[in-house]
Protein chains: 2
Amino acid sequence: MLKEKLKKHIEKVIQLTNDEYSFVSSHFSFENYKKNDFLIQKGENVKHFYYVVSGLLKLVYDDIDGKQHIVSFAMEDWWESDFLAYFTKTKATMSLQCIEDTHVFCLTLENYEKLISDLPKMESFFLKKSISGHIASQNRILSFLTSNAKERYEQLLKQYPLLFQRVPKTLLASYLGVSRETLSRLSS
Amino acid sequence: MLKEKLKKHIEKVIQLTNDEYSFVSSHFSFENYKKNDFLIQKGENVKHFYYVVSGLLKLVYDDIDGKQHIVSFAMEDWWESDFLAYFTKTKATMSLQCIEDTHVFCLTLENYEKLISDLPKMESFFLKKSISGHIASQNRILSFLTSNAKERYEQLLKQYPLLFQRVPKTLLASYLGVSRETLSRLSS
DNA sequence: TTACAATTGTGATGTTTGTCACGCGCAGAT
DNA sequence: ATCTGCGCGTGACAAACATCACAATTGTAA
């Protein structure tokens, strides 16, 4: 069952009784999205923080020239949103869009705040997740600082071997910060 | 007084009574470091998480070729460490070193855990700080994706105008991910 | 099936950036 | 005062990467 997946995910970090988990899960809604659907659209309010049960999302920034830049892929077990817009109640600067059909649990800011204040363990959970995310971002920054396109590509494939089959190369390129053509030439 | 600075900093995010703050500050030690001193050395254990009262630090990754890459500058009011090494009790992969004489408050992992479990408000504080840090890292990633060396340089100067006078251009270059020579040519 | 859009590879060429080399000015040490 | 190392600029050249153009293939919807 879908809710079991979230439970197991959370219990990798903190312990929850069944009652506590019922309380947790009552704060989430569930949603199905189809390929190419938007969960968050640039310029609009960000209503939710998402937990990806299955599928694949891209967090995208569109620059002035209309180019897409992938800030993050969000796959199974990932938590994703436009966090700045979500927490500050401002308009989204990024979009969150399905690469594949995707199942998510959705958490409004209101419910997020209720949840962490009524069940402090969940604040611990989110803190640990946030720290992990911060460390992951630092590693990505480091890969920009230390590595060229080919090395970054190899690191990505090593870290997420699945991604190679699941997403078009154009998207990998715009995650790595190189042109589609350059990425294509790296394989040879 | 120095402890007042930390108090004001924390109170921008959460409210604390005087007793609570005494409790908080009892978990920190205070330390002075001189220019070029190391707070964290690559390969060693990371004993502390630091709050910078005054001065300036660099969080540095040394690559295989001996090149330095600056993951972060840590200035007044910043929290810094090699977080992965700190939280997982592994050896540091990065170094934290003084660019200027620096005053810091130091928090051991033991005291961190005591602090957040005995005073849940502090867990809220660190969660909010961590989220901000995560958002900041994402913006840095975005600047690598969307901008060339000149644009990144201008963004950096806009964000931290002080930095230009306080640190050698070589360090700015290794923060921006360009060579010293390229950075030098950008000014013209 | 048929038609059309999306994906990918690849050549030619230009731009950006890195590397190596050198010189100058300045601050700190002796 | 002299020496020495560091910071900084700059020229010459090489490497990495972007851009534009075109073709082939595959997936997808009517």
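Chain A is the first sequence line, chain B the second, and so forth, proteins listed ahead of strands; every chain is numbered from 1.
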_Short side-chain N/O contact from B:T182 to OP1 or OP2 of C:dT17, under 4.0 Å_ = no
*asked:* As a quick check of understanding, evaluate salt bridge (Lys or Arg N to Asp or Glu O under 4.0 Å) for B:K121 and B:E20, giving each step before the final call.
replied: CA-CA 10 Å; B:K121 273 189 215 173; B:E20 282 172 336; 2.8 Å; yes
*Would you mind classifying the nucleic acid contact of A:K67 as base, sugar-phosphate or nothing, using non-hydrogen atoms under 4.0 angstrom?*
sugar-phosphate
*To the side chain of B:A149, which of D:dT10, C:dT7, C:dT17 is closest?*
C:dT17
*Could you tell me the separation between the NZ atom of B:K169 and the P atom of C:dC26, rounded to a whole number of Å?*
15 Å
*Would you say the ring centroid of B:F38 lies under 6.0 angstrom from that of B:Y33?*
no
_Ring centroid separation B:F105 to B:W79 under 6.0 Å_ = no
_Between the base of D:dC8 and the side chain of B:E181, is one N or O donor paired with an acceptor at under 3.5 angstrom?_
no
*Could you give the CZ-to-C1' distance, from B:F164 to D:dG7, as a whole number of Å?*
13 Å
_Could you tell me how far apart A:L176 (CG) and D:dA16 (C1') are, to the nearest whole angstrom?_
15 Å
_Between D:dC17 (P) and B:L145 (CG): distance, integer Å_ = 15 Å
*Could you give the CG-to-C1' distance, from B:L186 to D:dG9, as a whole number of Å?*
13 Å
*Polar pair under 3.5 Å, donor/acceptor by atom type, side chain B:R185, base C:dG18*: no
*asked:* Assess whether a salt bridge exists between A:R185 and A:E181, defined as any Lys/Arg side-chain N lying under 4.0 Å from an Asp/Glu carboxylate O.
replied: no
_Here's a test of your reading of the structure: between B:L183 and A:L183, which maps to the more 5' nucleotide of DNA chain D?_
B:L183
*Provide, to the nearest angstrom, the distance between the CD atom belonging to A:E151 and the P atom belonging to D:dA15.*
16 Å
*Roughly how many Å is it from CG in A:N36 to P in C:dA6, rounded to a whole number?*
10 Å
*Do B:R166 and B:E100 sit within salt-bridge range, that is, some charged N less than 4.0 Å from a carboxylate O?*
yes
*Between atom CD in B:Q68 and atom P in D:dC6, what is the gap in whole Å?*
13 Å
*Does B:R180 make a side-chain donor-acceptor contact with the base of C:dG18, cut-off 3.5 Å?*
no
